[in-house]
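Worth knowing before you read on, the calculation uses all heavy atoms, side chains too, and leaves out hydrogens, waters and symmetry mates.
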Amino acid sequence: MSKSKLFQYAILWHPTEKQVKEDGAKSKVLKDLSTVLATDLEMVKMTAIMELAAEYKDQLDQIELAVRPF
């Protein structure tokens, strides 16, 4: 079993060009900076996706996951 490492991540949402033109939508932070222990980047991604609100699960191509390992 590998040791857990410290990671920080935030979840961002970016509008499509159509959403920007029609609604004036802007990028927004869906989840503020969070700190987790995980064995690797894939585990951090899975944790973040599980925390994603249901209304954004069909817009995964507009989601950005910013991850910083330590």
Ala54: side-chain contact (heavy atoms from CB on, under 4.5 Å) partners, not counting sequence neighbours: none
Side chain to side chain, Leu60 and Leu52, heavy atoms closer than 4.5 Å: yes
Set of residues satisfying side chain to side chain donor-acceptor pair (under 3.5 Å) with respect to Gln8, sequence neighbours excluded: Thr35, Arg68
Val67-Ile49 co-clustered via ILVMFWY side chain contacts under 4.5 Å: yes
Side chain to side chain donor-acceptor pair (under 3.5 Å) partners of Glu64, counting only residues at least two apart: His14
Which residues share a side chain to side chain donor-acceptor pair (under 3.5 Å) with Thr16, sequence neighbours left out: Gln19
Hydrophobic cluster of Phe70, others only, ordered by chain and residue number, side-chain cut-off 4.5 Å: Leu6, Leu37
Contacts of Lys31 that satisfy side chain to side chain donor-acceptor pair (under 3.5 Å) - sequence neighbours left out: Ser34, Glu51
Residues in side-chain contact (heavy atoms from CB on, under 4.5 Å) contact with Lys28, at least two apart in sequence or another chain: Trp13, Leu30, Tyr56
Met46 with Val36, same ILVMFWY side-chain cluster at under 4.5 Å: no
Pairs touching residues 12-26 that satisfy salt bridge (charged side-chain N to carboxylate O under 4.0 Å, His left out), sequence neighbours left out: none
Partner set under side-chain contact (heavy atoms from CB on, under 4.5 Å) for Lys45, not counting sequence neighbours: Leu41, Glu42, Leu65
Flag side-chain contact, heavy atom, 4.5 Å: Ile11 against Ile63: yes
Separation between OH of Tyr9 and OG1 of Thr47, rounded to the nearest 0.5 Å: 6.0 Å
